[in-house]
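Quick note on labels: first sequence line is chain A, next is B, and so on, each numbered from 1.
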Number of protein chains: 2
Amino acid sequence: MGTSKTEKFTKEQNEIASIAKTLGHPARIAILQHLVKVNSCICGDIVDEIGLSQSTISQHLKELKREGIIKGEVEGRKVCYCINTERLDIVSTIFNGMFKRFSCC
Amino acid sequence: MGTSKTEKFTKEQNEIASIAKTLGHPARIAILQHLVKVNSCICGDIVDEIGLSQSTISQHLKELKREGIIKGEVEGRKVCYCINTERLDIVSTIFNGMFKRFSCC
DNA sequence: TTAATTAATCGTAATATTACGATAAGTTAA
DNA sequence: TTAACTTATCGTAATATTACGATTAATTAA
């Protein structure tokens, strides 16, 4: 165990949960807020900004990338990260829709 | 480790992450959707609906209650669960605000 | 009272997450 | 080339999460 029984749930339920899980760590929220503020920056800047180790930040970036919420572009020996606006709009729509359905009727 | 370093983040970042984490399991999304559909129901009905064991559902309900998203009212030997609309409105506002700040500028 | 019902909690196993240091892999500068 | 730099990955430890069965606690029905 320790594993969610995803087969018991709808695709929508699993998708919402997966996104929420990715947003479910303060470092990842902080990373997103920082990227919004500076528009785009390299990994090292995020390490400085957040104050966790480089390897830990790299893991968080990987998770955000896995969910499609950010993009990373290699520029020489640096990697420039930014928000994936298209995906974040979809995520926003999914969550707004969910909350709307929750709050009425 | 295995523990988030919450002291490195703002109150807002921790709060958003905490809510998202609670929403980050398909069973909990399914429970919320079911409660919205039937308005309110007893724990046993949720167990039947979701198809996980009674103790597992009880744990998920506890987590949703901890975050304030649902309420449980004891009625004799049964416990009637329902959405905490006030709290969910706040949660909705927090997330809408976040996504709004993410998508523009 | 006793038995049945309902839900919470306990104990536990399996797996996931978080975090770090060390290392690898790649790029650039000297 | 060599050295420095940048980031990803590996290995690992600590803790958290998920799930279940068994038990407990409380209420109701017989």
Side-chain angles (χ1 to χ4, degrees), chain A residues 1-9 13-14 16-31 34-35 40-67 70-82, chain B residues 1-9 13-14 16-31 34-35 40-67 70-82:
Chain A
M1 286 150 207
T3 324
S4 301
K5 298 205 159 176
T6 56
E7 75 280 3
K8 298 219 170 188
F9 306 102
Q13 287 161 351
N14 281 309
I16 292 173
S18 175
I19 299 165
K21 201 172 180 181
T22 293
L23 297 176
H25 192 292
R28 293 195 285 267
I29 298 296
I31 290 170
H34 184 68
L35 286 179
S40 88
C41 69
I42 63 165
C43 175
D45 291 341
I46 298 172
V47 174
D48 295 341
E49 173 72 18
I50 309 288
L52 294 175
S53 78
Q54 185 269 320
S55 56
T56 300
I57 294 297
S58 200
Q59 266 183 102
H60 285 306
L61 290 169
K62 191 179 178 183
E63 170 63 17
L64 287 165
K65 221 161 44 175
R66 190 196 60 74
E67 199 62 56
I70 65 171
K71 287 187 281 192
E73 197 180 348
V74 179
E75 287 187 1
R77 61 184 169 190
K78 304 181 180 180
V79 178
C80 192
Y81 282 98
C82 65
Chain B
M1 286 149 210
T3 323
S4 302
K5 298 204 161 177
T6 55
E7 75 280 2
K8 298 220 169 187
F9 306 101
Q13 287 160 351
N14 281 310
I16 292 173
S18 174
I19 298 166
K21 200 172 182 182
T22 293
L23 296 176
H25 192 292
R28 292 194 285 265
I29 298 297
I31 288 170
H34 184 67
L35 287 179
S40 88
C41 69
I42 62 166
C43 175
D45 291 343
I46 299 172
V47 174
D48 295 342
E49 174 72 18
I50 309 289
L52 294 175
S53 78
Q54 184 268 320
S55 55
T56 301
I57 294 297
S58 201
Q59 265 183 101
H60 285 307
L61 291 170
K62 191 179 179 181
E63 170 62 17
L64 287 165
K65 222 163 39 175
R66 188 195 62 74
E67 199 62 57
I70 64 171
K71 288 186 282 192
E73 198 182 347
V74 180
E75 289 188 358
R77 61 185 168 190
K78 305 181 179 180
V79 177
C80 193
Y81 282 99
C82 65

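Between A/T56 and C/dT18 there is no side-chain polar atom (N or O) within less than 4.0 angstrom of OP1 or OP2. For A/K5, a side-chain nitrogen or oxygen approaches OP1 or OP2 of D/dC20 to under 4.0 Å. Contact check, A/Y81 against D/dA8: a side-chain N or O comes under 4.0 Å of OP1 or OP2.
Counting only distance, with no hydrogens or angles, the side chain of A/R28 and the backbone of A/T22 share a donor-acceptor pair below 3.5 Å. Here the side chain of B/K8 pairs a donor or acceptor atom with the backbone of A/G51 at under 3.5 angstrom.
Here the nucleotide nearest the side chain of A/Q59, chosen from C/dA19, C/dA8, D/dC20, is C/dA19. If you check C/dT15, D/dT6, C/dT18 against the side chain of A/R77, the one that comes closest is D/dT6. Here the nucleotide nearest the side chain of B/R28, chosen from C/dA8, D/dT18, D/dC20, is D/dT18.
Considering all non-hydrogen atoms of both residues, A/L35 and A/Y81 come closest at CD2-O, 3.5 Å. Residues B/A27 and B/I50 share a closest heavy-atom pair of O-CD1, 4.3 Å. Closest non-hydrogen pair, B/T6 versus B/N14, comes out as O-ND2, 2.9 Å.
Between B/H60 atom NE2 and D/dT18 atom P the separation is 6 Å, expressed in whole Å. Protein atom CD of B/E75 is 13 Å distant from nucleotide atom P of C/dT6, rounded to whole Å. Between the CD1 atom of B/I31 and the P atom of C/dA7 there is a distance of 13 Å, rounded to whole Å. Rounded to an integer number of Å, the gap from CD of A/Q54 to P of C/dT23 is 14 Å. Note: CD (A/E63) to P (C/dA16) measures 13 Å, nearest angstrom. Rounding to whole angstrom units, CZ of residue B/R66 and C1' of D/dA16 are separated by 12 Å. In this structure, B/L52 atom CG and C/dA7 atom P are separated by 16 Å, rounded to whole Å. Atom P of nucleotide C/dA16 and atom NZ of B/K21 are separated by 16 Å, given to the nearest angstrom.
Taking for each of B/F9 and B/D45 the nucleotide of DNA chain C with the nearest heavy atom, the 5'-most of the two is the partner of B/D45. If you find the closest nucleotide of DNA chain C to A/K78 and to B/S58, the one lying nearer the 5' end belongs to B/S58. For the pair A/L61 and B/S53, both in contact range of DNA chain D, the more 5′-proximal nearest nucleotide belongs to A/L61.
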*Can you run through DNA chain C from 5' to 3' and write each base as (, ), [, ], | or . depending on how it pairs? Watson-Crick or G-U wobble, both distances under 3.5 Å.*
||||||||||||||||||||||||||||||
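Note on A/I57: nothing from the nucleic acid sits closer than 4.0 angstrom, heavy atoms only. Using a 4.0 Å heavy-atom distance criterion, B/S4 is classed as a sugar-phosphate-only contact.
In this structure, B/R66 and B/S18 have side chains that are in contact, with non-hydrogen atoms separated by less than 4.5 Å. Taking 4.5 Å as the limit, some side-chain heavy atom of B/I70 sits within range of a side-chain heavy atom of B/L61.
The aromatic rings of B/H25 and A/F9 lie perpendicular to each other, with more than 60° between the two planes, well past the 30° mark.
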